[in-house]
Number of protein chains: 2
Amino acid sequence: MSMQTKRLKVLEQPCCAPGAPPLRPEIAEGLARRFKALSDPTRVAIVNRLAGADEVCVCDFTLRLQLSQPTVSHHLRVLREAGLIEVSRKRGTWVFYRLVPEAVEQLAFALGGAPTPEGVLATAERTVAW
Amino acid sequence: MSMQTKRLKVLEQPCCAPGAPPLRPEIAEGLARRFKALSDPTRVAIVNRLAGADEVCVCDFTLRLQLSQPTVSHHLRVLREAGLIEVSRKRGTWVFYRLVPEAVEQLAFALGGAPTPEGVLATAERTVAW
DNA sequence: CGTTTGCATCGACATTTATCAATGTATCAG
DNA sequence: CTGATACATTGATAAATGTCGATGCAAACG
């Protein structure tokens, strides 16, 4: 057993979909902390970009996003400390980040989303009937 | 055709699950705005309570939450303006709020959660295998 | 009518947050 | 070793946010 024990600190129960059971305060706090990591458009864009690739170089973000390099670094830190992303690799002076799919899944599950079969996909043909 | 045309302003595509397509900036902003509504423990607790009942009186929140009445009213306003909750009924001086399930589903879907068949349930036996 | 009750709004305040310039720190190229 | 590059950290600042007391307002009660 290599040190690969997956730690899942918080929240494995739905909270916000109809029928959800009452939440203990600390669970609500943990959820709020993760939602806060996604409460900024730049960070949503970062997560979205990471969702479309295996890993992305920080330099990619500093190029695309119209923000200073420290600001980008700040947003990456917030997402990292929320457990939504992690450093996947360092090559020379480059740093690559990747998504932590389990963390995103937990949030989706908390919101009542059924666990996706493969954790992948969910294409756009669910363009909603309304 | 009664006035029941459902308006779904924003975001009907996944954003943050592996394989998600690139997001237009305004979509990322709309998502961030809704996540921000859930970025506070009190508001998560409110949504959670609303998820467990058809409707809940404001007086119920002011009693349970350890906060002043104006503060509770503030949080309800934030959630309401985010489209996550709405006033369901007014009886005398009482005001009742209810969840807007479609709004929560949208967020779950954006995070890669498969659309729940009935919009209900998602029990706790998905206590994760880890 | 006046009073009470439940909730919203306003004004004030302390804390947090997003942002940038400046600086620190590895890593690579010469 | 020297310089350059990529990223992180620090410090500062303006804006946003959570909180509360005071006030406003509409509905019910007497």
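Just so you know, these numbers use all the heavy atoms, side chains as well, and skip hydrogens, waters and symmetry mates. Below, read A as the first sequence line, B as the second, and so on, with proteins coming before strands; counting in each chain starts at 1. Values in this document were obtained by computation on a predicted structure and should not be read as measured data.
Contact check, B:Arg77 against C:dT9: a side-chain N or O comes under 4.0 Å of OP1 or OP2. Between B:Lys36 and D:dT17 there is a side-chain polar atom (N or O) within less than 4.0 angstrom of OP1 or OP2. A:Ser73 has a side-chain polar atom (N or O) that falls below the 4.0 Å cut-off from OP1 or OP2 of D:dA8. OP1 or OP2 of C:dT19 has not a single side-chain nitrogen or oxygen of A:Thr71 nearer than 4.0 Å. The shortest distance between the side-chain N/O atoms of B:Thr93 and the OP1/OP2 oxygens of C:dT5 is not below 4.0 Å. The shortest distance between the side-chain N/O atoms of A:Tyr97 and the OP1/OP2 oxygens of D:dA6 is not below 4.0 Å.
Proximity note for A:Thr62 (side chain, C-beta onward) versus C:dC7, D:dC7, C:dA8: the nearest is D:dC7. When the nucleotides D:dC7, C:dT19, D:dG18 are ranked by their closest atom to the side chain of A:Val95, D:dC7 comes out on top. Counting only heavy atoms from C-beta on, A:Arg43 has its side chain closest to C:dA18 among C:dC7, D:dC7, C:dA18.
Closest-nucleotide positions on DNA chain D for B:His74 and B:Gln69 were compared, and the one nearer the 5' end corresponds to B:His74. Mapping A:Val78 and B:Leu76 onto DNA chain C by nearest heavy atom places B:Leu76 closer to the 5' end of the strand. Residues A:Pro70 and A:Ser39 each lie close to DNA chain C; by heavy-atom proximity, the contact nearer the 5' end of the strand is made by A:Ser39.
A distance-only check finds a donor-acceptor pair linking the side chain of B:Arg43 to the backbone of B:Lys36 [under 3.5 Å]. With hydrogens and angles disregarded, no donor-acceptor distance shorter than 3.5 Å links the side chain of B:Ser73 to the backbone of B:Pro70. Panel note: side chain B:Arg34, backbone B:Leu84; no donor-acceptor pair is recorded below 3.5 Å.
How far CG of A:Leu76 is from CD of A:Glu81: 11.5 Å, rounded to the nearest 0.5 Å. Separation of atoms CG (A:Leu107) and CG (B:Leu111) is listed at 6.0 Å; rounding is to 0.5 Å.
Rounded to an integer number of Å, the gap from A:Leu63 CG to D:dA6 P is 9 Å. Taking atom CZ of B:Arg33 as the reference point, atom P of D:dA16 lies 14 Å away to the nearest angstrom. With rounding to whole Å, A:Arg89 atom CZ is found 14 Å from D:dA6 atom C1'. In this structure, CD of B:Glu81 is placed 12 Å from P of C:dA8, rounded to the nearest angstrom. Here the P atom of nucleotide D:dC7 and the CD1 atom of A:Ile46 are 12 Å apart, to the nearest Å. Going from atom CG of A:Leu79 over to atom C1' of C:dA18 covers 13 Å, rounded to whole Å. At whole-Å resolution of the value, CH2 in B:Trp94 and C1' in D:dA27 are 11 Å apart. When rounded to the nearest whole Å, the span between CG of A:Leu65 and P of D:dC7 equals 12 Å.
Within the 4.0 angstrom heavy-atom criterion, only backbone atoms of the sugar-phosphate kind lie near A:His75; the bases stay farther away. In this structure, B:Arg91 reaches neither bases nor backbone, as no heavy-atom distance under 4.0 Å exists between it and the strands shown. Residue-level contact check: A:Phe96 touches neither bases nor backbone, having no heavy atom under 4.0 Å from any strand. Across all strands, A:Phe61 comes closer than 4.0 Å to no nucleic acid atom at all (heavy-atom distances).
The neighbour count for B:Arg89 CZ, taken as heavy atoms of other residues, nucleotides or ligands under 6.0 Å away, is above 12.
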